[in-house]
2 protein chains.
Amino acid sequence: MVMATGRDEWVEAAYERFAEHGLAAVRVEPLAAALGTTKGSFYWHFSSRAELIAAVMERWEERETLQAIDVAEASGPPAERLAALFQAVASRARGRQGEATLYVEAVEEGVMAAVERVSQRRIDYIAGLLVELGLDPQEAQRRGVVCLAMVLGLQQLGTGTSGSLTAVRDPELARTALAMALAV
Amino acid sequence: MVMATGRDEWVEAAYERFAEHGLAAVRVEPLAAALGTTKGSFYWHFSSRAELIAAVMERWEERETLQAIDVAEASGPPAERLAALFQAVASRARGRQGEATLYVEAVEEGVMAAVERVSQRRIDYIAGLLVELGLDPQEAQRRGVVCLAMVLGLQQLGTGTSGSLTAVRDPELARTALAMALAV
DNA sequence: ACCTGAACACCGTTCAAGT
DNA sequence: ACCTGAACACCGTTCAAGT
């Protein structure tokens, strides 16, 4: 008798496909094949693909929250923490292409709420650092939005690695982005 | 006898679906239904869906080039032209959600070359303005990349309109983004 | 030259039947 | 309780047959 495929293994396998290729790449049949089981098994554990997607987003939100706390825990002055954040995103981008398209896919898949909560946390975290640096709270909030947009956009531009767009791989990019974020 | 559906009508119908919902939303069968014809007709004009996608990107590149020239033609000092660009993107975003996910989809669909050419033109245009404003050419190029990233990211954040992320709809955002772009 | 309609493959979903 | 395997719908693709 072979070990049964638990709900958790479905979610974890789906999570990996999401992180690497996005939500649209989370497909029941290929997943079943990869796990060496059948679609029928999947539909015993889940009522639909949508339920699987929701579980993936839940897991993402948890991990994203933990990691945000990790970043926050990293001590040092605010400017340094912001620099570390940009640097972390820049280096973490590869292998996490899934997030590059998440905002759009979240609408299609009906899981925008989780994405908005995580975005808000990210914006608040950046805005908090900028307030520590002396910015007006409202302007800091706006700048937090623009910084998150930078990160998402850079992630997106970095996706087509093979190409002629060499400027995207300039190692000085993170420094320039930081300077723009901190500009008074 | 009814008017035959020409290749051009297929491309234009596909282009509209791309602009509103992205490349993934360009599907042969629904398109055929919308045009009141059959998939068989489609495969007379095109060898595959990929060929249709390529034609859509060609059209996009042409129109994007024309529009870039339009923006460039708009006279005024460089800072004003940059402001107009951010403003244009901000207001044009609705109804053009298709581009929000384009960088990722372009890889999947094998049409990254066109996207990179357009990106390079956009970056060069912004960098050119920044050089006029006295920036070092290399730094201007990097900042052009970050500005394009901002635009793509803001477009992405703007996609889930219905939500709690109110900061994204702050009308002052464009001004903040411009200030960050111009910061010395 | 251009199109229809039937066929097949792929994947989401259902369900009767098995252990 | 958990899974298999067959069925059906949806859409990309092919193709023989029509006009």
Side-chain angles (χ1 to χ4, degrees), chain A residues 1-59 98 101-102 104-111, chain B residues 1-59 98 101-102 104-111:
Chain A
M1 157 191 166
V2 189
M3 178 68 86
T5 306
R7 189 188 155 95
D8 196 70
E9 291 163 66
W10 282 104
V11 177
E12 192 54 32
Y15 186 87
E16 272 160 39
R17 290 202 61 70
F18 152 63
E20 278 173 46
H21 305 288
L23 284 181
V26 177
R27 328 209 125 255
V28 176
E29 196 170 76
L31 230 43
L35 290 169
T37 183
T38 62
K39 298 186 277 185
S41 163
F42 173 83
Y43 283 97
W44 168 258
H45 294 288
F46 301 87
S47 75
S48 67
R49 178 177 167 280
E51 193 183 317
L52 176 64
I53 299 290
V56 167
M57 294 313 290
E58 225 172 280
R59 190 158 295 196
T101 188
L102 182 55
V104 173
E105 290 181 326
V107 177
E108 287 162 9
E109 308 269 10
V111 292
Chain B
M1 153 191 167
V2 189
M3 177 67 85
T5 306
R7 188 187 156 95
D8 197 72
E9 292 163 67
W10 281 103
V11 176
E12 193 54 31
Y15 186 87
E16 272 161 39
R17 289 202 60 71
F18 153 64
E20 278 173 47
H21 305 287
L23 285 181
V26 177
R27 329 208 126 254
V28 177
E29 196 170 76
L31 230 43
L35 289 169
T37 182
T38 64
K39 297 186 275 186
S41 163
F42 174 82
Y43 283 97
W44 168 258
H45 293 288
F46 301 86
S47 75
S48 66
R49 177 176 167 281
E51 194 182 314
L52 174 64
I53 299 291
V56 166
M57 294 313 289
E58 225 173 281
R59 189 158 296 194
T101 189
L102 182 54
V104 173
E105 290 180 327
V107 177
E108 287 162 9
E109 308 269 9
V111 292

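Since the structure is predicted, the reported quantities are computational estimates derived from the model, not experimental observations. What's counted below: heavy atoms across the whole structure, side chains too, no hydrogens, waters or symmetry copies. Here is the naming used below: chain letters follow the sequence lines, and residue numbers restart at 1 for every chain.
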Can you tell me if B/T37 touches the phosphate of C/dT4, counting only side-chain N or O atoms and a distance under 4.0 Å to OP1 or OP2?
yes

Please give the nucleotide sitting opposite C/dC2 as a Watson-Crick or G-U wobble pair, both distances under 3.5 Å, or none.
D/dG18

Here the distance between atom P of C/dC11 and atom CD1 of A/I53, to the nearest Å, is 15 Å

Take the protein atom CZ of B/F42 and the nucleotide atom C1' of D/dT14, then report the distance between them rounded to whole Å.
13 Å

D/dG12: pairing nucleotide in any strand, Watson-Crick or G-U under 3.5 angstrom
C/dC8

Taking the side chain of B/K39 as heavy atoms from C-beta outward, which of D/dC11, C/dG12, C/dA1 is closest to it?
D/dC11

In whole angstrom, give the distance that lies between atom CZ of A/R27 and atom P of C/dG12.
5 Å

Would you give the length of the straight line joining atom CZ of A/R27 to atom CG of A/L52, rounded to the nearest 0.5 angstrom?
12.0 Å

Quick one: which of C/dC3, C/dT4, C/dG12 gets closest to the side chain of A/R49?
C/dG12

Take atom CG of B/L52 and atom C1' of D/dC11, then tell me their distance rounded to the nearest Å.
14 Å

Atom of B/A55, atom of B/R7 and distance for their closest heavy-atom approach:
CB-NH2, 4.2 Å

When rounded to whole Å, the CZ to C1' distance for the pair A/F46 and D/dC2 reads 14 Å

Does the plane of the ring in A/F42 sit parallel, tilted or perpendicular to the ring in A/F46? Use 30° and 60° as the thresholds.
parallel

Using a cut-off of strictly less than 4.0 Å, decide whether A/H45 has a side-chain nitrogen or oxygen near OP1 or OP2 of D/dC3.
yes

Roughly how many Å is it from CH2 in B/W10 to P in C/dC2, rounded to a whole number?
14 Å

Is B/E29 salt-bridged to B/R49, going by a charged N under 4.0 Å from an acidic O?
no

For A/E29 and A/G40, find the nucleotide of DNA chain C closest to each by heavy atoms; which residue's nucleotide sits nearer the 5' end?
A/E29

Can you tell me how far the CG atom of B/L31 sits from the CD atom of B/E16, to the nearest 0.5 Å?
9.5 Å

Could you tell me how far apart B/L35 (CG) and C/dC3 (P) are, to the nearest whole angstrom?
11 Å

May I ask you to verify if any side-chain N or O of B/Y43 is less than 4.0 angstrom from the OP1 or OP2 atom of D/dT14?
no

Whole angstrom is fine here: how far is it from CZ in A/R7 over to P in D/dC3?
13 Å

Can you tell me which nucleotide in D/dC3, D/dG12, C/dT13 comes closest to the side chain of A/T38?
D/dC3

